[in-house]
Amino acid sequence: MKSVIDILDLSVQELYEMMDVAIDIDAHPAKYAHKCDGKKLATLFFEPSTRTRLSHEAAMLELGGSVIGFSGAQNSSAAKGESVADTAKTVSCYADIIAMRHPVEGASLVAANNASIPLINAGDGGHCHPTQTLADLLTIYREKGTLSGLKIGMCGDLKYGRTVHSLINAMTRYEGNEFVMISPQELALPDYAENALRKAGVPFKVTTSLEESIPELDILYMTRIQKERFDDPDEYERLKDSYSLTVDKMEMAKPDMAVLHPLPRVNEISVKVDDDPRACYFKQCLNGKLMRMALILKLLDEAGTPGHSGYWEKGEVHMGGICPNKKCIMRTEQELEQKYYIDEEGNKRCLYCDTLILN
Ligand code: CP
């Protein structure tokens, strides 16, 4: 059963095929209007969402299917203490495919391992958000005509920014890309995301200055400083206004630089930038729905065939270790056994959240 937990669960070839399907859906929606007749999508959203939940739901409805689900943990039996595993087993009796968002890192992998239907990770804490990356990839492809040879600036919360981590995993697979990582030191990339860049041999620069970096960029990927991920409210207050993309700063950028943002935004992009033709963040919303349509079609089509769900690419899996990440599913899920894999540098990493295990 193929599920998508990490963008690396989809090969480069599969991503190109999905982009072709998404572009065809955009041009010929009627051709696809009954492809999922009789099929049900369950949207299990344990964390707030506008775009990801509604675009998955719109995607299934536009394919002729129907939708069940909930939009908050308080509306599900998680509020009574039900585990992620039991939820996944239960919903597998009611639907054909699941899209799940959860605040805990690794929750989607645990759900996929217990579901008997395909599962789409719609965001697991600060870890991964592969379907946002599908939206980002199609947007970059449509705007730049290529996914290669680009200088990509990522700005804001690179530590907890799951969309950043997934986009890095995706863009390192195309030739000639370079990154500029722009963040306060406190919100720098986690070690597993830096590791992905090093492993792929992709050049990257780390800086705190958006002004100094913007003139050299082909893509600027802005992100929100995410209040909900901070343990210390004072730290959030200190960092929340770190960056603001304004009309003045846009004047320093290349005439064809594309500005992306997964949204929601708070104040990190001035509303005045929205009128600039280089602002692509609302195009991402549409592209996200089209790519989720392509993904639902693909996963339902392949549902009867063997596949993997999220970790076979990581390497051989072992039992043991203790994950130090307080936001890992290991801390919350009943009787979940700790597992780890060995990365290419010989380090032990938690199977669920990719955090380094030192014991
Ligand atoms: N980009 C994104 O994940 O938005 P939502 O939180 O509104 O789903």
Side-chain angles (χ1 to χ4, degrees), residues 4-7 22 41-61 67 69-76 98-105 107-108 111 119-140 142-143 152 154-171 193 219-230 236 240 243 245 258-269 271 273-274 279-296 327:
V4 172
I5 307 305
D6 188 304
I7 194 68
L41 166 74
T43 51
L44 314 183
F45 276 62
F46 296 88
E47 203 184 50
S49 166
T50 296
R51 277 147 292 276
T52 312
R53 184 171 68 84
L54 296 181
S55 65
H56 273 101
E57 295 189 354
M60 190 48 143
L61 294 173
V67 176
F70 51 81
S71 58
Q74 72 283 5
N75 300 323
S76 78
I98 295 171
M100 184 178 109
R101 170 170 290 188
H102 201 284
V104 175
E105 298 181 12
S108 296
L119 186 137
I120 298 168
N121 178 8
D124 60 328
H127 185 222
C128 288
H129 192 348
T131 66
Q132 178 61 47
T133 305
L134 297 180
D136 302 341
L137 290 177
L138 183 59
T139 307
I140 294 170
R142 284 181 137 179
E143 294 302 312
I152 305 153
M154 303 196 126
C155 178
D157 178 358
L158 309 187
K159 179 177 180 183
Y160 301 116
R162 57 194 174 196
T163 64
V164 169
H165 309 155
S166 289
L167 188 56
I168 288 171
N169 277 344
M171 293 304 281
I219 307 282
L220 173 59
Y221 195 87
M222 293 295 293
T223 61
R224 175 175 64 95
I225 309 289
Q226 302 172 91
K227 186 176 185 177
E228 66 274 23
R229 305 270 178 244
F230 282 78
Y236 170 72
K240 68 179 184 183
Y243 300 102
L245 182 63
V259 182
L260 275 68
H261 189 311
L263 303 180
R265 79 171 143 194
V266 184
N267 59 357
E268 61 279 2
I269 301 181
V271 172
V273 175
D274 296 1
C280 299
Y281 25 94
F282 291 108
K283 290 181 190 172
Q284 279 168 274
C285 299
L286 173 64
N287 288 331
K289 183 193 73 175
L290 297 170
M291 285 300 272
R292 286 167 181 130
M293 290 172 83
L295 179 63
I296 289 169
K327 296 177 178 169

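The first residue of the sequence shown is numbered 1, and numbering continues consecutively from there. Numbering of ligands and ligand atoms starts at 1, following listing order.
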Handout entry: N/O donor-acceptor pair under 3.5 Å between His165 side chain and His127 backbone
Key = yes
Handout entry: Short side-chain donor-acceptor distance under 3.5 Å, His261 and Arg224
Key = no
Practice task
Given side chain to side chain contact (heavy atoms under 4.5 Å, CB included), test Met100 with Phe46 step by step and report yes or no.
Solution key: CA-CA 8 Å; Met100 184 178 109; Phe46 296 88; 4.0 Å; yes
Problem - Gln284: partners by side chain to side chain donor-acceptor pair (under 3.5 Å), with sequence neighbours left out - result: Asp136
Handout entry: Main-chain N/O of Tyr160 paired to Gln226 side chain as donor or acceptor, under 3.5 Å
Key = yes
Practice task
Could you tell me whether Lys327 and Glu228 have a side-chain N and a carboxylate O separated by less than 4.0 Å?
Solution key: no
Handout entry: Neighbouring residues of ligand 1, heavy-atom cut-off under 4.0 Å
Key = Ser49, Thr50, Arg51, Thr52, Arg101, His129, Gln132, Pro262, Leu263
